[in-house]
Protein chains: 4
Amino acid sequence: MPREKNQEKRQAFLRAAVAEIAKSGTETSTARIARRAGLAESTLFTYFPSKSALLNVLYIELKDKVYQALNRDFPADAGLYARARHIWVGTLAWGVKSPNERKASLHLHLSNAITAATRAHTDARSVEVRKTMAELSTQGIFRELPTNFSATAMGAMQDAVLEEIARNRKDQAVLIAKGFEAFWRMCL
Amino acid sequence: MPREKNQEKRQAFLRAAVAEIAKSGTETSTARIARRAGLAESTLFTYFPSKSALLNVLYIELKDKVYQALNRDFPADAGLYARARHIWVGTLAWGVKSPNERKASLHLHLSNAITAATRAHTDARSVEVRKTMAELSTQGIFRELPTNFSATAMGAMQDAVLEEIARNRKDQAVLIAKGFEAFWRMCL
Amino acid sequence: MPREKNQEKRQAFLRAAVAEIAKSGTETSTARIARRAGLAESTLFTYFPSKSALLNVLYIELKDKVYQALNRDFPADAGLYARARHIWVGTLAWGVKSPNERKASLHLHLSNAITAATRAHTDARSVEVRKTMAELSTQGIFRELPTNFSATAMGAMQDAVLEEIARNRKDQAVLIAKGFEAFWRMCL
Amino acid sequence: MPREKNQEKRQAFLRAAVAEIAKSGTETSTARIARRAGLAESTLFTYFPSKSALLNVLYIELKDKVYQALNRDFPADAGLYARARHIWVGTLAWGVKSPNERKASLHLHLSNAITAATRAHTDARSVEVRKTMAELSTQGIFRELPTNFSATAMGAMQDAVLEEIARNRKDQAVLIAKGFEAFWRMCL
DNA sequence: GATGAATGAGGTTTCATTCAT
DNA sequence: TATGAATGAAACCTCATTCAT
């Protein structure tokens with residue numbers, strides 16, 4: 001099984017897809033993805049049975065990368081504030097470092113090509129994170145809102161921070177810190 | 001006066017476009033839009049010179065509807081809390097009543113087909129709203145964050161509320177009220 | 001029968017067709033012809049049963065105008081030189097005065113839309129001219145070439161003169177005169 | 001080496017285009033060209049990026065073929081009569097042998113799809129011919145007419161000869177020879 | 001008689017995918 | 001395995017023509 005070589009080209013397609021989807025959305029063509037990957041369009045279909053499959057694989061890989069990073073040094077025994085802050089900082093660090101991956105991830109999230117199975121798969125990687133978010137839901141105003149609300153709100157606030165960072169490159173660390181303070185204020 | 005009929009079909013295309021774009025994004029085809037409108041595809045082009053023109057017209061009509069509702073009874077002389085709450089409640093009322101229009105609006109907002117002129121046009125309708133959001137930016141933690149942050153954050157929080165409402169149809173009024181409380185907490 | 005009014009609009013369509021065909025060829029659209037005529041596209045079809053019919057009518061009218069002008073003061077009793085020169089000068093005068101009509105006429109001549117019947121009709125108007133051309137065919141080198149050759153050659157030479165005039169607006173009279181001298185040289 | 005097959009299909013498209021354009025002009029559809037070539041319409045676009053590109057390539061190939069034939073045994077050191085006769089005979093030989101190519105070439109020459117760059121390219125191939133035609137312009141009656149006139153007149157006269165040949169298949173050689181005599185008479 | 005509205009047919013081009021090599 | 005070649009389906013859009021008013 002010549003896995004090694006395979007993986008290189010496979011990754012080339014995935015990397016190219018990230019760049020193209022970030023630029024033009026999921027409706028970008030397989031031709032453009034292959035061209036950017038420096039490979040033939042038909043070769044794409046030896047690694048992925050269809051464009052839709054490529055999209056789903058990519059979605060999973062992108063989500064996995066974030067959750068692996070968050071899980072690696074997750075302070076499972078620390079207090080709620082520390083754990084929430086870990087999630088906040090880790091997610092934003094990824095968003096700042098890999099703006100294209102984040103953009104592509106958002107495009108994929110909205111795409112009809114992403115199946116329910118794919119969405120479910122991603123949930124499996126986010127156990128620790130979800131546990132913390134559930135705990136957040138018992139705090140302050142969140143007690144009176146549905147369980148998922150805290151997670152949704154945090155994601156939304158992170159989007160706001162990233163949008164600001166994209167617009168205003170300086171003081172990323174400050175924006176991230178102040179943003180978390182604003183978020184945490186809701187939990188008190 | 002063939003105006004009446006004219007407008008009817010035109011509206012049929014716009015309504016069909018809302019539904020299709022909400023379902024499949026702006027890359028949906030003119031064929032599908034026309035089919036849903038119950039008219040021939042070529043007829044679409046007697047009402048709109050191009051698909052792009054249809055998208056821009058639709059974007060303006062959707063945005064206008066929201067801002068007209070917000071402006072109609074805007075409490076311009078009331079305190080900041082009242083004005084912010086007006087915007088929060090008004091926007092969410094529209095989002096709840098017209099989920100497809102909101103989804104379509106979000107898709108359109110991201111589309112490359114929407115021109116700068118179209119975006120500028122909608123800015124003109126949102127003067128009062130933008131004034132209030134600017135004032136919010138001078139409050140609490142927002143003082144230490146960029147000017148646009150309060151508006152971005154409010155939009156993000158509203159997304160969270162609407163997502164919750166979509167998942168859990170009951171108690172919309174409560175969700176909206178509690179959601180604003182959570183948001184306002186950030187401003188103190 | 002409200003002929004008068006009819007004729008006005010009919011002529012408007014024909015005039016517009018001349019201009020559009022001169023500019024863009026016979027594949028120009030009925031929409032563009034009608035727009036230039038200042039009338040509705042569908043009105044065109046109350047005057048002509050089809051686009052093809054319009055083209056054929058126009059071809060006949062254009063050819064008739066030339067031959068009527070040539071026939072009006074045709075020096076039927078003069079010598080061959082005078083008659084040939086009359087044809088030469090008359091045709092070129094029209095070509096110079098009505099460049100669009102000439103261009104349209106050339107486009108129509110090549111079009112598959114022009115029927116054999118239409119082409120035959122035109123022949124009927126050109127009796128005098130053809131008689132003179134036949135006589136030319138008995139002169140000099142033409143004697144050893146097919147009967148039609150003299151006419152074809154004259155048309156070709158006129159095209160050359162008109163092309164020159166189009167390129168070089170001055171000295172039209174000289175170009176026309178010298179051109180005929182060149183042509184006549186062949187007949188000696 | 002998949003070149004062989006490549007070129008075959010490419011030539012099939014070009015040959016089909018010649019036939020269709022000769023019959024119906026440059027407004028013929030890519031569907032008809034492909035059908036005549038015995039290939040799928042979409043395949044056409046793997047050989048030519050657009051219909052316009054196909055037209056330009058075809059124009060260049062047709063013109064090149066003529067000029068290459070003329071240049072191959074061009075009697076550059078012979079007298080003016082011999083050189084003019086070489087051009088006359090060579091051009092007509094091609095016109096007689098390839099009537100469709102000639103018709104297509106004429107259609108292409110008038111088409112708006114042919115770019116200035118394409119026209120410039122063909123000028124480069126016609127240096128020897130243009131030099132001879134310029135010299136012709138200093139002879140006889142041509143001295144008193146614009147520089148381009150001799151070339152335009154020769155082209156026009158050749159049209160006349162070819163029209164005759166098309167009508168009357170016999171005695172091509174005689175028609176060509178006598179036709180040149182008629183033309184040459186103008187130069188004396 | 002004149003027209004706005006409507007449309008089926010057809011235009012060029014792009015796309016995801018298959019297949020032979 | 002990797003790919004050039006091929007293609008049916010579908011994209012957006014234009015056109016000549018019909019029809020109700």
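The analysis underlying the following values was restricted to heavy atoms, covering all of them including side chains, and did not include hydrogens, waters or symmetry mates. Here is the naming used below: chain letters follow the sequence lines, and residue numbers restart at 1 for every chain.
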Pick one: which of B/Thr30, B/Ile33, B/Thr26 meets side chain to side chain contact (heavy atoms under 4.5 Å, CB included) with B/Glu20? B/Ile33
Which residue in the set D/Leu54, D/Thr118, D/Thr115 passes side chain to side chain contact (heavy atoms under 4.5 Å, CB included) when paired with D/Tyr59?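 For D/Tyr59, the side chain to side chain contact (heavy atoms under 4.5 Å, CB included) check succeeds only for D/Thr118.
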Phosphate OP1/OP2 of F/dT1 contacted by A/Tyr47 side-chain N/O (<4.0 Å): no
Find the distance [X]:[atom1] to [N]:[atom2] and express it as a whole number of Å.
X	N	atom1	atom2	result
D/Gln11	F/dA5	CD	P	15 Å
A/Leu54	E/dT17	CG	P	10 Å
B/Arg10	E/dG4	CZ	P	17 Å
B/Phe48	E/dA6	CZ	C1'	15 Å

B/Asp123, CG atom: more than 12 neighbouring heavy atoms under 6.0 Å: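 Above 12, so yes.
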With a cut-off of 6.0 Å (strictly less than), are more than 12 heavy atoms of other residues, nucleotides or ligands near NZ of C/Lys51?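 Atom NZ in C/Lys51 is packed in, count exceeds 12.
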Do A/Arg125 and A/Ile60 have side chains that get closer than 4.5 Å, going by heavy atoms?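 Not touching, per the 4.5 Å side-chain cut-off.
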Has A/Arg35 got a side-chain atom pairing as donor or acceptor with A/Glu41's backbone, closer than 3.5 angstrom?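 Checked: no pair found.
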Convert the base pairs of DNA chain F into dot-bracket notation, remembering that pairs crossing earlier ones are written with [ ] and that bases paired across to another strand are shown as |; include only Watson-Crick or G-U pairs under 3.5 Å. .||||||||||||||||||||
Would you call D/Arg102 and D/Asp159 a salt bridge, taking side-chain N to carboxylate O under 4.0 Å as the test?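 Yes, charged N to carboxylate O under 4.0 Å.
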Which nucleotide in the list F/dT17, F/dA2, E/dT12 gets nearest to the side chain of A/Lys9?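 Selected nucleotide (nearest to the side chain): F/dA2.
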Non-neighbouring partners of D/Glu101 that pass side chain to side chain contact (heavy atoms under 4.5 Å, CB included), sequence neighbours left out: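 Side chain to side chain contact (heavy atoms under 4.5 Å, CB included) list for D/Glu101, sorted by chain: D/Val18, D/Leu62, D/Lys65, D/Trp94, D/Ser98.
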Give me the residues of residues 18-46 of chain A where at least one heavy atom lies under 4.0 Å from an atom of DNA chain F, by number, or none.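 Close to the strand are A/Leu39, A/Ala40, A/Ser42, A/Thr43, A/Thr46.
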